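In what follows, a single structure is set out as structure tokens and then discussed.
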Number of protein chains: 2
Amino acid sequence: MFEARHLRVLRSVARTGSFSAAARDLGCTQPAVSQQMKALESAAGTPLLVRGAREMRLTEAGEALVRHATGILAGLTAAEEEIAAIAGLRAGRVRLASFPSGSATLVPDAVADMRERHPGTKISLVEAEPPRSVEMLRAGDCDITLAFRYVDLPTPAEESWADLVVRPLLTDRLVGVVPQNHPLAGRADPARIGEFAEEQWIAGCPRCRGHLVEVCERAGFTPRIDFATDDYPAVVGLVAAGVGVAVLPELALESVRAKGVAVLEMQPAVEREVVALTLPDLAHVPAVDMMLARLARAGLRQARRTGLARQAAAEGAGGVAAAGR
Amino acid sequence: MFEARHLRVLRSVARTGSFSAAARDLGCTQPAVSQQMKALESAAGTPLLVRGAREMRLTEAGEALVRHATGILAGLTAAEEEIAAIAGLRAGRVRLASFPSGSATLVPDAVADMRERHPGTKISLVEAEPPRSVEMLRAGDCDITLAFRYVDLPTPAEESWADLVVRPLLTDRLVGVVPQNHPLAGRADPARIGEFAEEQWIAGCPRCRGHLVEVCERAGFTPRIDFATDDYPAVVGLVAAGVGVAVLPELALESVRAKGVAVLEMQPAVEREVVALTLPDLAHVPAVDMMLARLARAGLRQARRTGLARQAAAEGAGGVAAAGR
DNA sequence: GCCAACCATAAGCGATGCTTAGGGATACCC
DNA sequence: GGGTATCCCTAAGCATCGCTTATGGTTGGC
């Protein structure tokens, strides 16, 4: 079995015509070259070099081997370059899976950031809600999954993230969304969930709906859900049209033009933790690692933006709370 | 720097999907595979594998490396096969250089022998007289040189074979060639060189001519050389036509139809040693080594043939000695 | 809930491959 | 023609590498 090291030495000897020159070329001593060549000739089973008076010539077998070595070493170099490009973020691919409100807010920011810093990387995105998207991650169909969990809700066992790398990005809150002419719309104080007990509800994605029911039942009532859709603009439109009220993640509202509705802080706050998930091995893949960092940064920026908006709304309180933002 | 060993392991892991299976495949233990992969990932600078629940998956970098590995390992295998073919005499080339009487007698026999035993080998032949042919050998323009030396003559220093592998093939003798009607033609006893002192001489190749002059001068006369050619049929023709006499190597007569001349043994015998020369390194090249063996065998066969002919001539003595053979 | 398969890690050990040191041959130069 | 520089080989010492065995932890399957 020839080894690449042997071929490098042989090629260098063939090029320079002497062991000493090859040794200088390769950055080692001349006996090292001599030994390597002896080993190589032994492996080949035939001499490869003819020690001429002043120069080193190749035998037929030597020429054949050099001919092959050229291609082999070129392939090796190409491989090294491609791997180095991936390791050095000049290439590489990250496949994201995200739930809708994440892919509308955090992902674009992070992707733009990533593309600016590492233009060679390729990013793809599929939308998938948490249980499914985590399956995809485990099945190798994506590299990073954006997911969320409600901190007050015990995670179901079959959905454990214990074996995953969990990178918190953002702590999201639920907010109430009511028609602009709703009695609660003008109030400065946060709303309690119980105040919506008698309303008609418009619910979001299945997971959120499940959580919502849980929260309401803890507050002592069962919400009357007349309409459910994971299409948040539709939810907002329905609320604006007076069909009902909704309690939505703040992040989900971020990319929706909230016209004709009032957004209310909830008391007590119900928090949703938005995280990026990946497999432990993938966490060390440079492009994945960098993408996680970009997502974390996007999460911070998003949190700051939301915080500022909330602060501005609080300062301007007395009017319509955070309406029409 | 990736090594072929690494790539073999990676490919095996990729194919089998587990370290244990790869270890069985490669004939080593599982920790060996584990360590190799760790080293390879360290060299790559990025993970190559994702340890899935039950199967081993490749990362993007891993897939890229396997893609390259396929070509690289194929190239290595091809190289090994080609070298093995040369080492195993299923391929290979031998370039011969020979003086004319050698290339007309020993070489055809040896080449036929070689081709029969190792049909894959390629043999080429160029004609060249000793000083020049040895230069060719040293310059790498041929692999084996057939040459000869007169054992009674000190070899000139600049033509030393001390650094070469010298393989004796045959001990050739000089014989006298006289017209069939020459006074010496019918005699059973060997001729002495001095008996030709007053003759006109027809000489062979320059080297032989030089030697001939030396031999004659030791015998106390200077031969009157009227004609010199390295074309032995021409020499024989001239002798037959009565232009003069010649003293030629027996081997040179072997391929010449000696019509109209008588061939006389010489007393004392003057011997020419026919040898095959090669460079020490080339002597270990299988095809060269085998060709030397074939040449040696051809030399033996030739010696036997000559011996038998001489014996037959001796038994039939009293008539025309060895005429018209 | 135990068992089997798989992978990681650690320790021991032999092989490999490098280095330095020294010797012989050869071409070049004064 | 002798000195010198270059080149290669060999030997010995030594560090590293890579394999093995032994062992532990984890994960599916029965």
Side-chain angles (χ1 to χ4, degrees), chain A residues 1-10 12-43 47-58 62 135 138-140 157-158 160-164 279-281 284, chain B residues 1-10 12-43 47-59 62 135 138-139 157-158 160-164 279-281 284:
Chain A
M1 288 293 195
F2 298 142
E3 281 298 327
R5 174 167 26 89
H6 292 144
L7 300 186
R8 279 186 247 276
V9 174
L10 175 66
S12 191
V13 169
R15 211 174 27 215
T16 62
S18 96
F19 284 10
S20 300
R24 284 191 292 272
D25 180 34
L26 297 168
C28 63
T29 62
Q30 171 268 317
V33 174
S34 187
Q35 289 173 28
Q36 289 279 341
M37 287 306 307
K38 188 182 227 175
L40 183 55
E41 292 192 325
S42 155
L48 302 172
L49 297 172
V50 177
R51 279 83 171 160
R54 203 57 176 172
E55 80 289 0
M56 207 60 92
R57 278 198 310 273
L58 292 167
E135 281 172 27
R138 288 191 214 273
E158 74 274 12
S160 164
W161 297 342
D163 59 335
L164 301 177
L279 298 176
D281 289 329
H284 301 118
Chain B
M1 290 293 197
F2 298 142
E3 283 298 328
R5 175 169 22 92
H6 291 144
L7 300 185
R8 279 186 246 276
V9 173
L10 175 66
S12 190
V13 168
R15 210 173 29 213
T16 63
S18 97
F19 283 12
S20 301
R24 285 190 293 271
D25 181 34
L26 297 168
C28 65
T29 60
Q30 168 265 316
V33 173
S34 187
Q35 289 173 28
Q36 289 278 344
M37 287 306 307
K38 190 182 225 174
L40 182 56
E41 292 192 325
S42 157
L48 301 172
L49 296 172
V50 178
R51 280 83 171 160
R54 204 57 173 171
E55 80 290 359
M56 209 58 93
R57 276 197 312 271
L58 293 166
T59 63
E135 280 173 27
R138 289 191 213 275
E158 74 273 13
S160 164
W161 297 341
D163 60 334
L164 301 178
L279 299 175
D281 290 329
H284 301 118

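Residue numbers start from 1 in every chain, and the chains themselves are labelled A, B, ... in the order their sequence lines are given, proteins ahead of strands. Please read these numbers as outputs of a predicted model, since none were measured by experiment.
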Can you give me the closest heavy-atom contact between B:Val33 and B:Cys28, atom names plus distance?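 In terms of heavy atoms, the two residues are closest at CG2-SG, 3.9 Å.
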May I ask you to decide if [Y]'s main-chain N or O and [X]'s side chain share a donor-acceptor pair within less than 3.5 Å?
| X | Y | value |
| --- | --- | --- |
| A:Gln36 | A:Arg5 | no |
| B:Glu3 | A:Glu3 | no |
| A:Glu41 | A:Pro47 | no |

[N], OP1 or OP2 - any side-chain N/O from [X] closer than 4.0 Å?
| X | N | answer |
| --- | --- | --- |
| B:Arg5 | D:dG18 | yes |
| A:Arg51 | C:dT26 | no |
| A:Thr29 | C:dC18 | no |

Indicate yes or no: at least one non-hydrogen side-chain atom of [X] is less than 4.5 angstrom from one of [Y].
| X | Y | result |
| --- | --- | --- |
| B:Leu10 | B:Met37 | yes |
| B:Pro280 | B:Asp163 | no |
| B:Arg51 | B:Arg57 | no |

Please give, in whole Å, the distance from [N] [atom2] to [X] [atom1]?
| X | N | atom1 | atom2 | result |
| --- | --- | --- | --- | --- |
| B:Asp25 | C:dC6 | CG | P | 14 Å |
| B:Arg138 | C:dA25 | CZ | C1' | 14 Å |
| B:Gln36 | C:dT9 | CD | C1' | 16 Å |
| B:His6 | D:dC19 | NE2 | C1' | 13 Å |
| A:Glu3 | C:dA15 | CD | P | 18 Å |
| A:Leu40 | C:dT16 | CG | P | 15 Å |
| B:Met37 | C:dC6 | CE | P | 17 Å |
| A:Arg57 | D:dC8 | CZ | C1' | 16 Å |

Rounded at 0.5 Å granularity, tell me how far CD in A:Gln35 sits from OG in A:Ser42.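 One finds 13.0 Å between CD of A:Gln35 and OG of A:Ser42.
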For a quick check of understanding: with a heavy-atom distance under 4.0 Å over all strands, which category does B:Met56 fall into, base, sugar-phosphate or nothing?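 B:Met56: backbone/sugar contact only, no base atoms under 4.0 Å.
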Among residues 12-19 of chain B, which ones have heavy-atom contacts with DNA chain C below 4.0 Å?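 Close to the strand are B:Ser18, B:Phe19.
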Just by distance, with hydrogens left out, do A:Asp25 and A:Ser12 show a side-chain donor and acceptor under 3.5 Å apart?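 The criterion, which ignores hydrogens and geometry beyond distance, is satisfied for A:Ser12 and A:Asp25.
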Could you go over nucleotides 10-14 of chain D and give all protein N or O partners under 3.5 Å, atom names and distances?
from, atom 1, to, atom 2, distance (Å)
D:dT10, OP2, A:Lys38, NZ, 3.1

Upstream residue (5' side of DNA chain D) when B:Val33 and A:Asp163 are each assigned their closest nucleotide: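 Here B:Val33 is the residue nearer the 5' end.
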